[in-house]
Amino acid sequence: MNNNEVLWNNFLEVLKTKISSVSFDTWFKDTKLIKKENSKLLIQVPMTFHKSFLNDTYYDLIDEIITNITGNSFDLEFIVEDQSTEDEDEKIDINIIYNHINSNLNPKYTFANFVIGESNRFAQTAAVAVAEQPGKIYNPLFIHGKSGLGKTHLMHAIGNYVTENSEKKVLYVTSEEFISDFIGINKKQGNNYDIVDHFKKKYRNIDILLIDDIQFLGGAEKTQHEFFHTFNTLYDSNKQIIISSDRSPDDLKLLEDRLRTRFRWGLTVDIYPPNFELRCKILKDKMTGHEVASLIKEEVIEYIATNCENDVRHLEGAITRLYAYSAIMNPKEINLDFAIEALKDYIGKSIYINNNITKIQKAVADYYKITIEDLKSKKRTTNISYPRHIAIYLCRMTTEETTTKIGLEFGNRDHSTVLYSYDKINYELKDNNKLKIILEEIKNNIVN
Ligand code: ADP
Ligand code: MG
């Protein structure tokens, strides 16, 4: 370890004792001290996002700890590889005393149990930033992504973080609740101003408004109008607004233009479907702690991750079924066969039938110490493409599947690619005894 690393490690150790682990992981885990000059420290951070946030929020704390360790004060400079600019408005926080309101938060969803990967890192980072500095940066925060990818989870995580760490008032509502609150007033009370007042207080006397699935506001014109005013009132007094939707602001066709424009004032972040690696990570994370967790073989994780591709809710459903089936069957270990049986209705018939392909892929991937995802990927390096030829060859030789179907299961490849792989291996086998032995070995490892 060089001097910079030693200093930075010392710093991180001290820092850990001063801030929450969520903050630590989000802002400091991937930082590095690049250079130490007489009066300056050059610190590398992962994103522009970190740079501005650390400057605004953590500068003094970093400075204080470094000064304590070294006896000197340094100017801190943060650098990132990608220097895109972001404009932020620093705003003064106004403290008002509010009536008690039920925040509607679900304590189950926290930052601590939100598993991070490439597809959601930006959204998670933005969410932590907003939770730490509500109303000061990125207002509104607009989170969008398809169903089941963690939008609601992140919103509650923000709310829970804020209520745990401050006195601020948080309100979480779905846009349906917002509409029904609003309609409720109009229907029951006509122009009863007390009640209208109550509605306004409920929504406007808060510090943080989380409004989930905003796409459902579309069409409800009067409610949109009310939301627009609520939005402006909160925004003008630097209150944080966090919105989620299954589509981007630009695609919210049914919303009034002026609302859409407002949404663009802040920061819009996407959540994408998790890749294979993240799906495995989420599965493992969700399985830890359960009594049968130690019985679950790695191949089961890969099997579920391979077959439940699009969203996290689907992964959770698979775990629930696996557990329910284990509770009945009391297995000694939860291996691929057991999982296939437990999940046969859940994962769907077509996929069940192609288990043969999955099994072959698994055996080949294991033999070459690569992953099933590699076999399905676009990677063309020999260490991947050669095992892919072999797996395709075996599928063609040992299953009833059509070349089209096999191609589909290998990352949507064309059937001619399948034929090419088959021919290639077939030709090689003519005078390559070593390859014959390898194929035999792989075939023996295919789980039946
Ligand atoms: P959305 O609101 O985008 O439809 P949710 O937030 O309701 O999705 O997520 C669906 C389920 O998946 C929830 O139970 C949530 O806890 C879980 N989930 C989603 N993303 C993650 C993640 N990255 N880590 C852990 N759990 C997740
Ligand atoms: Mg949701």
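One-based numbering, in listed order, for ligands and for the atoms of each. Every heavy atom of this structure was used, including side-chain atoms; hydrogens, water molecules and symmetry mates were not.
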[X] and [Y]: side chain donor to acceptor below 3.5 Å:
X: D250; Y: S248; value: no
X: D246; Y: S147; value: no
X: D414; Y: T417; value: no
X: D374; Y: T371; value: yes
X: Y161; Y: S23; value: yes

Worksheet item: Are R262 and Y235 in a cation-pi contact, defined as NZ or CZ under 6.0 Å from the six-membered ring centre and within 45° of the axis?
Response: no

Which residue from [options] reaches closest to [atom] through any of its heavy atoms?
atom: atom 2 (O) of ligand 1; options: L278, T152, D213; result: T152
atom: atom 16 (O) of ligand 1; options: K108, H153, R313; result: H153
atom: atom 26 (N) of ligand 1; options: R279, K286, H144; result: K286

So for ligand 1, is [X] a polar contact partner (N or O within less than 3.5 Å, distance only)?
X: I282; answer: no
X: V115; answer: yes
X: I116; answer: no
X: F114; answer: no

Discussion item. Is the distance from the ring center of H50 to that of F78 below 6.0 Å?
Written reply: no

Of all the non-hydrogen atoms in the protein, which one sits nearest to [atom], and at what distance?
atom: atom 8 (O) of ligand 1; result: G150 N, 3.1 Å
atom: atom 12 (O) of ligand 1; result: V312 CG1, 3.2 Å
atom: atom 4 (O) of ligand 1; result: G148 N, 2.6 Å
atom: atom 11 (C) of ligand 1; result: E316 OE1, 3.3 Å

Discussion item. Would you call the rings of Y386 and Y368 parallel, tilted or perpendicular, taking 30° and 60° as the class edges?
Written reply: perpendicular

Find all atoms of ligand 1 within a distance of less than 4.0 Å from any non-hydrogen atom belonging to [X], and give their numbers and elements.
X: K146; value: 3 (O)
X: N120; value: 23 (N)
X: N113; value: 24 (N), 25 (C)

Practice prompt. Check the pair D213 / S175 against side-chain hydrogen bond (donor to acceptor under 3.5 Å, both in side chains), numbers first and verdict last.
Written response: CA-CA 6 Å; D213 290 321; S175 58; over 6 Å; no

Item to complete: Could you tell me whether ligand 1 has any atom less than 4.0 Å away from a heavy atom of S147?
Response: yes

Worksheet item: Does H156 have a heavy atom less than 4.0 Å from any atom of ligand 1?
Response: no

Worksheet item: Is it true that some N/O/S atom of T152, main chain or side chain, lies under 2.8 Å from the Mg ion (ligand 2)?
Response: yes

Item to complete: Identify whether the distance between the nearest side-chain nitrogen and carboxylate oxygen of K284 and E298 falls below 4.0 Å.
Response: yes

Worksheet entry | E333 atom CD, neighbour heavy-atom count above 12 within 6.0 Å | yes

